[in-house]
Amino acid sequence: MDINEYFDWSPEKIQDFRDCLLAWYDQNGRDLPWRRTSDPYAIWVSEVMLQQTQVDTVIDYYQRFMQALPTVQALAQAPQEQLMSLWQGLGYYSRVRNMQQAAKTVMSEYQGQMPKTLKELLTLKGIGPYTGAAIASIAFNQVEPAIDGNLMRVTARLFEIDQDIQKTATKRLFKEILDQLIDPNRPGDFNQALMDMGALVMTPSNPYPNPHPLADFDRSFQHKTSQLYPVKLKKTKQKQELKLALYLVNEKGQMLVRQHQTGELLQGLWHFPMLNLNDIATLNQSTAIKGLALQQFFSQDQVAEWSNEAGILDKAKLLLESVQGPIKHVFSHRIWQVYLLPVVYSKQSEKLLEALWLMDDSFRFVNETTYAQLATSTLQKKLDRIRMKED
DNA sequence: AATTCGGGGAA
DNA sequence: TTCCCAGAATT
């Protein structure tokens with residue numbers, strides 16, 4: 001895949017393109033909070049939040065985060081609880097953990113000053129090719145194209161690039177082209193101008209305005225083939241999982257919650273303890289522990305009856321009126337159907353908990369006030385809504 | 001090269 | 001429903 005198959009602009013046309021794009025940007029660029037600062041740390045925070053996350057979603061999170069942790073040092077020293085609270089609901093929680101790790105690196109290796117080159121930025125956790133180039137260009141005027149989904153869509157349409165944008169070779173092609181196009185005098189503005197062009201004009205589905213600001217440079221526009229680009233192959237579909245969340249309240253009115261640990265989804269966030277129900281169909285011949293679990297929730301006869309049938313959840317729901325849900329929670333690659341089971345605390349349920357889980361520090365009994373201060377996922381907030389309705 | 005990480009907005 | 005979003009780390 002050679003760049004010359006797609007790219008044949010003269011130096012004059014390249015310069016015309018830069019001038020046209022930046023003139024459009026100067027008039028039509030979005031006014032965003034992180035564009036009102038030149039603080040590299042603030043730009044860094046914004047870029048990490050914006051990974052796979054829409055601008056409108058990020059704005060409030062960004063304002064709160066910068067108010068709470070205004071400097072690299074503050075971020076480096078922040079307790080994990082605060083980080084998770086600031087990030088709760090935003091998704092991709094490893095982003096904030098990686099960013100704090102990188103902040104510590106900046107403090108120890110760079111005297112608290114963000115490094116200025118792409119090469120150095122790439123050594124920091126959570127900073128990849130896009131984010132590194134974005135920080136380098138916007139905060140430090142380095143001539144590095146920040147190639148995100150917008151730039152790929154715009155570039156694919158300008159040059160009618162009929163290659164799958166997910167592939168490494170295609171990303172390399174985009175970089176070769178954009179290395180030619182980027183304006184060495186205003187690299188940060190160039191990148192952001194293309195982002196705005198992708199977000200405001202050359203969107204995934206909207207028709208272009210008339211006149212289209214890049215009409216003279218957009219082959220797909222001239223050929224009326226814009227909808228064909230970019231080329232992207234289908235994603236694999238998500239796997240379904242059944243979960244049962246325990247809404248267990250003790251005699252003091254405290255409920256049991258658990259913080260998800262390393263290796264689990266939604267790490268660091270608090271939830272009701274959850275059982276994986278995909279396994280329950282095989283519980284009767286499985287361990288005594290699982291058998292004990294079932295006996296608690298369902299009668300032994302029911303277990304025997306259900307164990308070799310499909311659709312046991314539907315049966316369980318019919319027989320156990322107290323089971324609520326399911327609520328559906330969609331991840332990038334998984335779909336959870338989560339049922340909620342209210343459980344009255346007793347000696348038996350205590351035994352059950354110890355049989356099901358190692359009751360370590362990840363578990364806590366909390367009252368509603370304390371609970372409200374814990375960082376929880378959007379999934380858990382959905383469970384809150386249905387338990388409140390029933391109570 | 002493919003998979004794993006959340007959640008929401010919009011068609 | 002499906003797609004996409006200012007992607008990176010891990011396998």
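Convention: sequence-line order gives letters A, B, ...; per-chain numbering from 1. These values consider heavy atoms only, across backbone and side chains, with no hydrogens, waters or symmetry-generated copies.
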Do any pairs count as a side chain to side chain donor-acceptor pair (under 3.5 Å) and have a residue in [range], sequence neighbours left out, and if so which ones?
range                       : answer
residues 37-47 of chain A   : A:E47-A:Y130
residues 69-88 of chain A   : A:Q88-A:K381
residues 150-159 of chain A : A:D148-A:N150, A:N150-A:R153, A:R157-A:Y208

Atom [atom1] of [X] to atom [atom2] of [N]: distance rounded to whole Å?
X      : N     : atom1 : atom2 : result
A:R153 : C:dC3 : CZ    : P     : 15 Å
A:L194 : C:dC5 : CG    : P     : 14 Å
A:Y130 : C:dC4 : OH    : P     : 18 Å
A:E47  : C:dA8 : CD    : C1'   : 14 Å
A:Q100 : C:dA8 : CD    : P     : 20 Å
A:Q101 : C:dA9 : CD    : P     : 10 Å
A:L124 : C:dA8 : CG    : C1'   : 13 Å
A:N150 : C:dG7 : CG    : P     : 7 Å

Toward the 5' end of DNA chain B, by each residue's nearest nucleotide, A:Y92 or A:S205: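 Mapping each residue to its closest nucleotide by heavy atoms, the 5'-most match is A:Y92.
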
First of A:R334 and A:T168 reached from the 5' end of DNA chain B, by closest nucleotide: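 So the residue in question is A:T168.
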
Gap in Å between the two P atoms, one belonging to C:dA6 and one to B:dA11, rounded: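 About 14 Å, rounded to a whole number of Å.
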
Spacing of the C1' atoms in C:dC3 and B:dG6 (rounded, Å):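 Going atom to atom, C1' in each nucleotide, I get 16 Å.
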
Pairing residues for A:D2 by the side-chain contact (heavy atoms from CB on, under 4.5 Å) criterion, not counting sequence neighbours: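 Listed in chain order: A:N4, A:E5.
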
Outermost DNA chain B nucleotides near chain A [under 4.0 Å, heavy atoms]: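 Nucleotide range in contact with chain A: B:dA1 to B:dA11.
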
Selection residues 248-267 of chain A - residue pairs positive for ring pair (Phe, Tyr, Trp, His ring centres under 6.0 Å), sequence neighbours left out: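 Counting only pairs at least two positions apart or across chains, the ring pair (Phe, Tyr, Trp, His ring centres under 6.0 Å) contacts touching residues 248-267 of chain A are A:H260-A:H271.
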
Selection residues 144-174 of chain A - residue pairs positive for ring pair (Phe, Tyr, Trp, His ring centres under 6.0 Å), sequence neighbours left out: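 Found A:F7-A:F159, A:W9-A:F159.
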
Give one of base, sugar-phosphate or nothing for [X], where a contact means two heavy atoms less than 4.0 Å apart.
X      : value
A:K125 : sugar-phosphate
A:G89  : sugar-phosphate
A:W34  : base
A:L32  : base

Partner set under side-chain hydrogen bond (donor to acceptor under 3.5 Å, both in side chains) for [X], not counting sequence neighbours:
X      : value
A:T225 : A:E160
A:N141 : none
A:Q51  : A:T131

Over-ring placement of A:R95 relative to A:Y93, 6.0 Å and 45° cut-offs: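 Checked: cation-pi criterion not met.
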
Cationic tip of A:R35 above A:Y62 ring, under 6.0 Å, 45° of axis: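 No, A:R35 does not sit over the ring of A:Y62.
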
A:Q113, CD atom: more than 12 neighbouring heavy atoms under 6.0 Å: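 Count not over threshold, so no.
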
Members of residues 258-268 of chain A that approach DNA chain C, where some heavy atom sits under 4.0 Å away: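 DNA chain C contact set from residues 258-268 of chain A: none.
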
Near-strand residues of residues 51-73 of chain A, defined as heavy-atom separation under 4.0 angstrom from DNA chain C: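 Nucleic-acid contacts, sorted: A:Q51, A:Q52, A:Q54, A:V55.
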
5' precedence on DNA chain C between A:N98 and A:R35 (nearest-nucleotide basis):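 Per heavy-atom nearest nucleotide, the more 5' residue is A:R35.
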
Base C:dA6 to side chain A:R30, donor-acceptor N/O within 3.5 Å cut-off: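 Per atom types, the contact qualifies.
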
Minimal non-hydrogen separation, A:V58 against A:M49, with atom names: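 Smallest heavy-atom distance, with atoms named: CG2-O, 3.4 Å.
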
